[in-house]
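Report on the following structure.
Just so we're on the same page: letters track the sequence lines, and every chain starts at 1. All values below were derived from every heavy atom in this structure, side-chain atoms included, with hydrogens, water molecules and symmetry-related copies excluded.
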Amino acid sequence: MEPMSDMSGIDDICERHARRDAPLLPILHEVQDRFGYISDAAIRRIAEALNLTRAEVFGVVSFYHDFRDRPARRRRLRVCRAEACQAVGGREVWAAAEALAAEPDSPFEVQAVYCLGNCACAPSVQLDGRTLGRFTPERVSRLAAAKVGRSCTP
Amino acid sequence: MHAVMKPATRVFVPGDSSANAIGAAETAAALAQAGAKVVRTGSRGLYWLEPLVEIERDGRRIGYGPVAAEDVPALLAAMQNGTAEHSLCVGDLDRMLADQGQQRWALGRSGVVVPADWEDYVAHGGTDGLRKALGMTPQDILKAVRESGLRGRGGAGFPTGVKWQTVHEADNSPKYVVCNADEGDSGTFADRMLLEGDPLCLLEGMAIAALAVGAERGYIYLRSEYPDARRSLEMALVAARANGMLGDAILGSAQAFDIEIRVGAGAYICGEETSLLESLEGKRGEVRYKPPLPAVRGFLGKPTVMNNVITLATVPAIFVQGAPAHHALGINRSRGTLTVQLCGNIKRPGLYELPFGVTLGHVIDELGGGSASGRPVRAVQVGGPLGAYLPPERFDTPLGYEEFADVKAIIGHGGVVVFDDSVDMAAQARFAMEFCAIESCGKCTPCRVGSVRAQEVIDRITADDNREANIELLRELCETMIQGSLCAHGGMAPFPVLSALNHFPEDFEPRTAAA
């Protein structure tokens, strides 16, 4: 991730999307992809570029679950909590994931998600952007034990 | 020594994200290492057999599944001995789909073709529907869609031809075609499968809609949870433009049409059409008052066709096979096929594209093979998180919009989630309201506040605190949400709750310490 200290990157993104119809969401996605989160300063800059109020941009950022206002932990585990996963043990996977995130200095950020479209191979999680199926609490525990780099999947 | 395949043998392995989630990529790598010519397709939807490998022999494809990477050497050794016999052999998959009673209108090419590969698409009938439509007037296209009986597969079941006619007649321009690919219902994955397995089919359906209504611009609003579908759609857009299906002239016609993908940002409510439009316009995804309908005032206030992925992907086949052939399938006012997505606690989870009229029980028992756990099936939620829970006594209900409404249930987008007898229906009811609260856009009070209060009331019921009075209060609250909410989110979240109360009242009884 690039550090967000320099706002010229934000200007550059706004400039490239400026001529599209309703460019705010694509801009926010790109800012977050590039910098990892959307800071107050970035919101200010985007509002200026699009001739919107800060409140309007903040309102959009805060509405959507995907957008974040601070950097994420190193690893990201999204766990599906919806019905199709519940029917085959999803609640237990979620409980294990919460415990994983609560460990001291855990590198894992655990987020609830409601359906990854992997329902026929549930329970589902997404680990660092990769969807994994038929997940179990035991595999969550193995993640905890491994505490290794991104390449490792349980 | 490892078995090595004849290099000419083509082996088909799904690159579908669900198949990859349970090891298809590793299986494909093992096959490639053994010298097979691996072709990555989408999924056939037979997910209990994934990773499902198809090996080409004498021009026929023979299926094997599930094939883990570890199974590859033994499978290849069996092939080497010149025999197709193997314990994992499941035979000809087209035949299996036919035996299940599947009729693939929307998903006929998924799992068969290489996604976004133009030549493969055309070789398997791609663009045939569009070419037929190009020879027709907009009025005739609209007439065909009306006569096919096609209704919106996103859940609302609104007649597609009527919607298109409204946009066609609207005296305002420009007009837009927007595809709702914000498939958020738990238990559904038909859109994802189509987008990953046969994305060009969606683009073709959108082009036909554009011809019918006179739109030059289309949008696909895709949920961010589907990154693989995004990649596949982007490739399809490149292929469609390079081959003239999109651009200044749809396949050489006088009409221009192009499509842009817009990615959502994790909000279930944006599957609701007016909320989607707000989001597409770069705003908070709060629902709009209706009327005006999006067909009259949609994206940027202009007339907009808004359809679900499967609705649009069914359109090309309607033009190939003819509107009467589509209308001939189904029952009463539900014509054509429903992409049933069967999952939860079930032996054979997957996608079954079936003519309307098949009973729920047939899907669960005959096709699904009953529960995966071997315990009795106790409840089935149909139509996503806003759909009712049905007990086995209702399994004789035929799949159909009105038929399900008659038993106070919905078909929705066709998701069927099966629970065995270990399910706690009070917990499921509470979850329905918890989900409603988390994903409420906050615009109307019945949904925003009602869903939070309902959780509190359910907690009091399960704690045996003034139980009878609180059950009555919960029912009244549900009625208020149904009558007073602006959109289906708050208006239908009570369905799972009321169905749990009505069909499974024992789960709301005081719990004994032993239980």
Point to revise | Side chain / backbone / both / neither for A:Val61 at chain B, heavy atoms under 4.5 Å | key: neither

Review point. Given the options B:Gly184, B:Ser186, B:Gly282, which has more heavy-atom pairs under 4.5 Å with chain A than any of the others?
Key: B:Ser186

Study note, to complete from the structure: If one checks every heavy atom of A:Val60 against chain B at 4.5 Å, the contacting part turns out to be both

Check your understanding: Should the heavy atoms of other residues, nucleotides or ligands under 6.0 Å from CZ of A:Phe58 be counted, would the total exceed 12?
Key -> no

**Study point:** Contact origin within B:Cys270 toward chain A - heavy atom pairs under 4.5 Å
**Key:** side chain

Practice item. Look at A:Ile27, A:Val113, A:Asn118 and state which one has the largest set of heavy-atom pairs under 4.5 Å with chain B. Key: A:Asn118

Check your understanding: With only heavy atoms counted, which part of B:Arg223 is less than 4.5 Å from chain A, the side chain, the backbone, both or neither?
Key -> side chain

Check your understanding: Is any side-chain heavy atom of A:Thr131 closer than 4.5 Å to a side-chain heavy atom of B:Asp228?
Key -> no

Check your understanding: When you check the gap from the basic side-chain N to the acidic O, do A:Glu109 and A:Arg68 get nearer than 4.0 Å?
Key -> yes

Exercise for review: Please determine if B:Arg230 forms a cation-pi arrangement with B:Tyr226, meaning its NZ or CZ atom is less than 6.0 Å from the six-membered ring centre and no more than 45° off the ring axis.
Suggested key: no

Check your understanding: Between the main-chain N or O of B:Asp421 and the side-chain N or O of B:Arg375, is there a donor-acceptor pair closer than 3.5 Å?
Key -> no

Review point. Does CG in A:Asn51 sit with more than 12 non-hydrogen atoms of other residues, nucleotides or ligands closer than 6.0 Å?
Key: no

**Study point:** Donor + acceptor pair across side chains of B:Ser371, B:Asp420 (<3.5 Å)
**Key:** no

Check your understanding: What part of B:Ala427 lies closer than 4.5 angstrom to a heavy atom of chain A: side chain, backbone, both or neither?
Key -> both

Study note, to complete from the structure: Checked B:Tyr268, B:Phe431, B:Phe435 vs chain A; the most non-hydrogen pairs under 4.5 Å come from B:Phe431

Point to revise | chain A interface, residue from B:Ser279, B:Ser17, B:Ala190, B:Gly415 that has the most non-hydrogen pairs under 4.5 Å | key: B:Ser279

**Study point:** Region of A:Gln126 that comes under 4.5 Å of a non-hydrogen atom in chain B
**Key:** side chain

Exercise for review: Against chain B, work out which of A:Arg20, A:Arg78, A:Arg81 has the most heavy-atom pairs shorter than 4.5 Å and name it.
Suggested key: A:Arg20

Point to revise | Contacting region of B:Asp16 [heavy-atom separation from chain A under 4.5 Å] | key: neither

Practice item. Flag the one option from B:Cys343, B:Pro227, B:Ser18, B:Pro349 with the top tally of heavy-atom pairs under 4.5 Å to chain A. Key: B:Ser18

Review point. Are B:Glu50 and B:Arg44 close enough for a salt bridge, meaning some N to O gap below 4.0 Å?
Key: no

Study note, to complete from the structure: What one should report as the nearest heavy-atom pair of B:Tyr176 and B:Pro174 is OH-CG, 3.7 Å

Point to revise | Portion of B:Ile346 that has a non-hydrogen atom of chain A nearer than 4.5 angstrom | key: neither

Exercise for review: Take A:Arg54 and A:Asp40 through the test salt bridge (charged side-chain N to carboxylate O under 4.0 Å, His left out) and record every step on the way to the result.
Suggested key: CA-CA 9 Å; A:Arg54 277 169 60 206; A:Asp40 274 347; 5.9 Å; no

Practice item. Measure B:Glu434 against the heavy atoms of chain A and call it side chain, backbone, both or neither at under 4.5 Å. Key: side chain

Check your understanding: Is the CZ atom of A:Arg16 crowded by more than 12 outside heavy atoms at less than 6.0 Å?
Key -> yes

Point to revise | Structural part of B:Leu351 lying under 4.5 Å from a heavy atom of chain A | key: neither

Review point. Measuring heavy-atom distances to chain A, does B:Val418 have an atom under 4.5 Å in its side chain, in its backbone, in both, or in neither?
Key: backbone

Review point. For the rings on B:Tyr219 and B:Phe299, is their centre-to-centre separation under 6.0 Å?
Key: yes

Point to revise | Among the listed options B:Arg217, B:Arg192, B:Met193, B:Glu286, the residue most often paired with chain A at heavy-atom distances under 4.5 Å | key: B:Arg192

Revision key, fill the gap. Looking only at A:Gly133, A:Ala82, A:Pro23, A:Ala120, most heavy-atom pairs under 4.5 Å shared with chain B are made by A:Ala120

**Study point:** Top of B:Gln341, B:Glu183, B:Gln428 for chain A proximity - count of heavy-atom pairs under 4.5 angstrom
**Key:** B:Gln428

Exercise for review: Please state whether the side chain, the backbone, both or neither of A:Arg91 comes within less than 4.5 Å of a heavy atom of chain B.
Suggested key: side chain

